[in-house]
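Report on the structure given below.
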Protein chains: 2
Amino acid sequence: MIDPQAGGLAELAQALADRTRAAVLLALLDGRAWTPGELARLTGVAPSTMSGHLARLTEAGLVAHTAQGRHRYVRVAGSEVAELVETLSSRLDRPLPPVTSLRTANRRRALAVARTCYDHLAGRLGVAVTSALVRTGRVDHTAGRPPVLTGAGEEWFAALGADLDAMATARRPLLRECLDWTERLPHLAGTAAAYLRTVAAERGWVVPVTGTRALRVTPEGEAALREHLGIGPGELTLT
Amino acid sequence: MIDPQAGGLAELAQALADRTRAAVLLALLDGRAWTPGELARLTGVAPSTMSGHLARLTEAGLVAHTAQGRHRYVRVAGSEVAELVETLSSRLDRPLPPVTSLRTANRRRALAVARTCYDHLAGRLGVAVTSALVRTGRVDHTAGRPPVLTGAGEEWFAALGADLDAMATARRPLLRECLDWTERLPHLAGTAAAYLRTVAAERGWVVPVTGTRALRVTPEGEAALREHLGIGPGELTLT
DNA sequence: GATTCCCTTCGGTGGTGACCGAAGCGTCAG
DNA sequence: CTGACGCTTCGGTCACCACCGAAGGGAATC
């Protein structure tokens, strides 16, 4: 065994190498905090089994816990973990053509149009917002460098109601690149992108599709996207 | 088990979830084709065991074989696989501070400065070349879009001796983004980037460090990088 | 054609881990 | 204080798989 990195790589992969743990991580990708009991019911295993899985995921640094009374809440350990899972999933679109049913095809289609990725927007919508922000000069995203807000971008976010000073003090970067597994293109993550998702949800631009991470863009949302960012409805349809 | 994607994700992770298979993939990241026997000796397992591992990696679509006489050559199935492994490794720099020995520390340092990633340049060198190509207007890399060669870039590659027409007909894209696991920034992959590595190797700008994927930049290489791309020697030192 | 070499396939073994039910512990409600 | 609830720990079972040595098949060499 020559390469010392192999051990670490295998260890990380082992944490993901189980149907139940993978399902847990995918469920947590909606950014919400779940209780162990909910996750056990979702995946169809006994609470004791789920407890073991969660211990394993915690040890691997993939999920984090928050104790609250007699409940315990589980969340993804950080945005990097969410991005890691998304990246891994992006390899699955190749050997996935055997669509099992119309229902799963529709679900996948909905996910591809717009969805939540941890705490920001993803899918066709996420990529469209990203390129619109660059196109309108609000984000500077030159190669080899992380994306940054321009002066115009700061004004725009402030007009939306964002407290950029408070957001900038967080350990997490304001903007960050995240590879979109359906679009195969980067979209924006980070506190500013998370704020954008919050605004979109609060103003009713998007509404969650119950039971999945998918989002539906409302007519008000389409109008707002056109008005604020110049995104036409054609940009959100799948080819 | 609600999410049908969980099965695929777990399956892919399982293929990586073994020390020996992980070591194989890391070895193959140098872009060369190895024989099963070489890989068995490298990892210290019996040939029969290695055969099973390779069958497993093949089934997962991670490696490909080429029969040649009584030898069989194994390579990484494609550049996406190499990028996937690099991305996964990028999560390892967090829990890796316990450096086991001076030797591994030096090896890691060498890998961080310059190395091969499948068939292109990576590490500090790869990122420096990437940003220099953008800085000098040879590559256009705006946000949300794959990187593309500009007219000036095409001329530059042609002057280096590249046959861009032939390269463009390949199924693989000319340029492509690849996340660098030491720099945490994208560097360029794709046929054009692969050609650049070939040129650098042929002209003696970089020489491989035997036994690893690391590269050493020669004095001629430093001169060429400054002359062709305006990369100063300071850009290749680690902070 | 026989030999050599590389690799695979085939039994057999040992260790790891996913799973469950039962029991234990802390927290909140009555 | 008592009961209900949510979660974890423990013991035990079963399947899977990493590993090896031995045997077999195909390709090059003599």
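On a predicted model such as this, the values are computed, not experimentally measured, just so you know. Residue numbers begin at 1 in each chain, while the letters A, B, ... track the order of the sequences. Just so you know, these numbers use all the heavy atoms, side chains as well, and skip hydrogens, waters and symmetry mates.
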Open item on the list: So for atom CD, which belongs to A:E59, do other residues, nucleotides or ligands contribute more than 12 heavy atoms lying within a distance under 6.0 Å?
Closed with: no

Task: Carboxylate-amine/guanidinium proximity below 4.0 Å for B:R197 and B:E202 - done: no

Open item on the list: Would you say that A:V209 contacts A:L215 through its side chain, given a criterion of any heavy-atom pair below 4.5 Å between the two side chains?
Closed with: no

TODO: Whole angstrom is fine here: how far is it from CZ in A:R41 over to P in D:dG6?
DONE: 7 Å

Task: Ion pair check, A:E86 and A:R213, cut-off under 4.0 Å - done: yes

Open item on the list: Looking at A:S48 and C:dG21, is any side-chain donor or acceptor paired with a base atom of the opposite kind under 3.5 Å?
Closed with: yes

- [ ] May I ask you to test the B:H120-B:H187 pair for a side-chain heavy-atom distance under 4.5 Å?
- [x] yes

Open item on the list: Nearest whole Å is fine: how far is C:dC6 P from B:W34 CH2?
Closed with: 16 Å

For nucleotides 13-18 of chain C, which of its nitrogen or oxygen atoms have a protein nitrogen or oxygen under 3.5 Å away, and what is each distance?
{"from": "C:dA18", "atom 1": "OP1", "to": "A:R21", "atom 2": "NH2", "distance (Å)": "3.4"}
{"from": "C:dA18", "atom 1": "OP2", "to": "A:R21", "atom 2": "NH1", "distance (Å)": "2.9"}
{"from": "C:dA18", "atom 1": "O5'", "to": "A:D18", "atom 2": "OD1", "distance (Å)": "3.4"}

TODO: Could you state the atom-to-atom distance from CG of B:L16 to P of D:dA18 in whole Å?
DONE: 12 Å

Open item on the list: Is any side-chain heavy atom of B:V206 closer than 4.5 Å to one of B:T218?
Closed with: no

Task: Separation of D:dG6 P from A:L54 CG (nearest whole Å) - done: 16 Å

Task: Length of the CE-P vector between B:M50 and D:dG21, whole Å - done: 15 Å

TODO: With heavy atoms under 4.0 Å as the rule, sort B:P47 into base, sugar-phosphate or nothing.
DONE: base

TODO: Figure out the CG/C1' separation between A:L39 and D:dC7, and round it to whole Å.
DONE: 13 Å

- [ ] For the side chain of B:A46, starting at C-beta, report the closest nucleotide among D:dC20, C:dC20, D:dC7.
- [x] D:dC20

